[in-house]
Amino acid sequence: RFDLMQQHSGEHIFSGLVHKEFGFDNVGFHLSDREVTMDFNGVFPEGGLALIERKANEAIWSNVAVQISFLEGAEAREAEYRSKLELTGAVRVVTFPGIDACACCAPHVRRSGEIGCLAVVGAVNYKGGTRVSILCGGRAMRLFAHEHMLLTRTANFLTTSADNVPESTMRLKNENTSLKAALKNASIAAMEMKAAALPAG
């Protein structure tokens, strides 16, 4: 339950910041025990996702208290909050002060700091907009640990430091391409020699 609260609360902060910074609406949201995806009706400029990720983590670390309110009548009609639907009757609004206000019926963390951290782990063009994948809190930490382990293993295999893994990998790729070309040329030369040694006819 707490894991899902971390993911969902992180999504609120992320979507609210996207709306403030770029004016995009969150038109789709999926939360499972493995992934969190959001569909936005716009394409992010270069560096846009990194900007929102940084601002989201700053908002998380500000450790603001989450406010839950039930609005009705004129108060509900006049309040500013994000919602995918036209709502009637009492509206439950989840507010991260200064960051986001959104109509939502799900459980959330009590303070933003309980989310821990937020990481953007993927983004693809989707239906004219962008589908963004994030992980928060414990899920993000497990991803960091797993990727650090893979990077360390790769660095050890290449007998280099983690910082030099991309350069070392590219060098191996280039060497492999050169060796393939040399092997192909050698094979062609060997076949030509065998063909030349055959008796006429």
Side-chain angles (χ1 to χ4, degrees), residues 1-68 80-85 87 92-152 154 162 165-166:
R1 179 182 174 90
F2 182 67
D3 168 69
L4 295 176
M5 289 161 62
Q6 285 184 313
Q7 312 311 312
H8 197 171
S9 296
E11 177 269 326
H12 272 236
I13 289 175
F14 193 91
S15 295
L17 289 170
V18 167
H19 186 73
K20 280 186 176 182
E21 196 74 28
F22 301 111
F24 302 160
D25 292 319
N26 180 333
V27 295
F29 170 57
H30 174 69
L31 169 60
S32 71
D33 60 351
R34 297 185 61 185
E35 65 178 359
V36 183
T37 60
M38 299 161 288
D39 297 335
F40 294 101
N41 59 356
V43 177
F44 290 85
E46 184 176 355
L49 283 173
L51 172 68
I52 298 300
E53 181 184 57
R54 177 177 61 80
K55 285 181 174 289
N57 280 297
E58 290 173 353
I60 289 169
W61 301 330
S62 69
N63 200 30
V64 297
V66 181
Q67 299 173 359
I68 307 293
E80 293 187 9
Y81 57 86
R82 294 186 302 109
S83 177
K84 296 183 181 69
L85 305 172
L87 303 175
R92 182 178 186 264
V93 177
V94 178
T95 302
F96 291 82
I99 303 164
D100 182 54
C102 182
C104 185
C105 59
H108 289 271
V109 297
R110 291 168 297 180
R111 303 188 70 92
S112 63
E114 294 178 19
I115 299 168
C117 60
L118 181 151
V120 175
V121 296
V124 295
N125 293 334
Y126 182 73
K127 294 185 177 180
T130 310
R131 172 166 286 180
V132 180
S133 300
I134 65 169
L135 291 176
C136 299
R139 294 190 192 188
M141 292 305 298
R142 287 190 290 274
L143 175 67
F144 297 154
H146 177 68
E147 292 189 342
H148 178 70
M149 177 271 293
L150 294 177
L151 180 59
T152 300
T154 304
V165 164

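We're numbering straight along the sequence, starting at 1.
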| message | Quick check against the 3.5 Å criterion: does Thr130 have a side-chain atom that pairs as donor or acceptor with the backbone of Gly42? | response | yes

| Nearest non-hydrogen partners of Ala101 and Val93, listed with the distance | CB-CG1, 4.1 Å

| query | For the atom pair CZ (Arg34) and CG (Leu135), what is the distance rounded to the nearest 0.5 Å? | reply | 11.0 Å

| Which word best sums up how the rings of Phe24 and Phe22 line up, parallel for under 30°, tilted for 30 to 60°, or perpendicular for over 60°? | parallel

| Rounded to the nearest 0.5 Å, what separation is found between the NZ atom of Lys20 and the CD1 atom of Ile99? | 7.5 Å

| remark: Taken to the nearest 0.5 Å, the spacing of Thr152 OG1 from Glu147 CD works out to 11.5 Å

| field | NE2-CG distance between His12 and Asn26, expressed to the nearest 0.5 angstrom | value | 9.0 Å

| query | Mind checking whether Cys102 and Val94 have side chains closer than 4.5 Å, heavy atoms only? | reply | no

| remark: CZ of Arg111 to OG of Ser62, rounded to nearest 0.5 Å, is 9.0 Å

| query | Any idea which heavy atoms bring Ala123 and Leu49 closest together, and the distance? | reply | CB-CD1, 3.4 Å

| query | Is there side-chain contact between Phe40 and Ser15, with heavy atoms separated by less than 4.5 Å? | reply | yes

| So Phe14 and Cys136, side chain to side chain contact (heavy atoms under 4.5 Å, CB included) or not? Walk me through it. | CA-CA 11 Å; Phe14 193 91; Cys136 299; over 6 Å; no

| said: Is any side-chain heavy atom of Ile13 closer than 4.5 Å to one of Leu118? | reply: no

| Looking at Leu143, Ile134, Val36, which one forms a side chain to side chain contact (heavy atoms under 4.5 Å, CB included) with Val121? | Leu143

| remark: In terms of heavy-atom contacts, Met5 and Pro107 come closest through CG-O, 3.8 Å

| message | Less than 3.5 Å apart, any donor N or O on the side chain of Ser9 or His108 sitting next to an acceptor on the other? | response | yes

| field | Polar contact flag, side-chain donor to acceptor under 3.5 angstrom, Glu53-Asn57 | value | no

| query | So, for His8 and Cys104, which heavy atoms are closest and what is the spacing to 0.1 Å? | reply | CE1-SG, 3.5 Å

| query | Do the side chains of Glu21 and Leu51 get nearer than 4.5 Å, heavy atoms only? | reply | yes

| task | Give the intermediate values and the outcome of side chain to side chain contact (heavy atoms under 4.5 Å, CB included) for residues Arg92 and Ile68. | result | CA-CA 7 Å; Arg92 182 178 186 264; Ile68 307 293; 3.6 Å; yes

| message | Between Arg131 (side chain only) and Val124 (backbone N and O only), is there a donor and an acceptor less than 3.5 Å apart? | response | no

| message | Donor-acceptor check, side chain of Glu114 to backbone of Gln6, threshold 3.5 angstrom: yes or no? | response | no

| field | Trp61 (side chain) donor-acceptor with Gly116 (main chain) under 3.5 angstrom | value | yes

| Just by distance, do the side chain of Asp39 and the backbone of Val27 share a donor-acceptor pair under 3.5 Å? | no

| Atom NE2 of His30: over 12 foreign heavy atoms under 6.0 Å | yes

| said: So, taking the atom named CD in Glu58 and the one named CG in Leu17, what distance separates them when rounded to the nearest 0.5 Å? | reply: 9.5 Å

| message | Around atom CZ of Arg110, are there more than 12 heavy atoms from other residues, nucleotides or ligands closer than 6.0 Å? | response | no

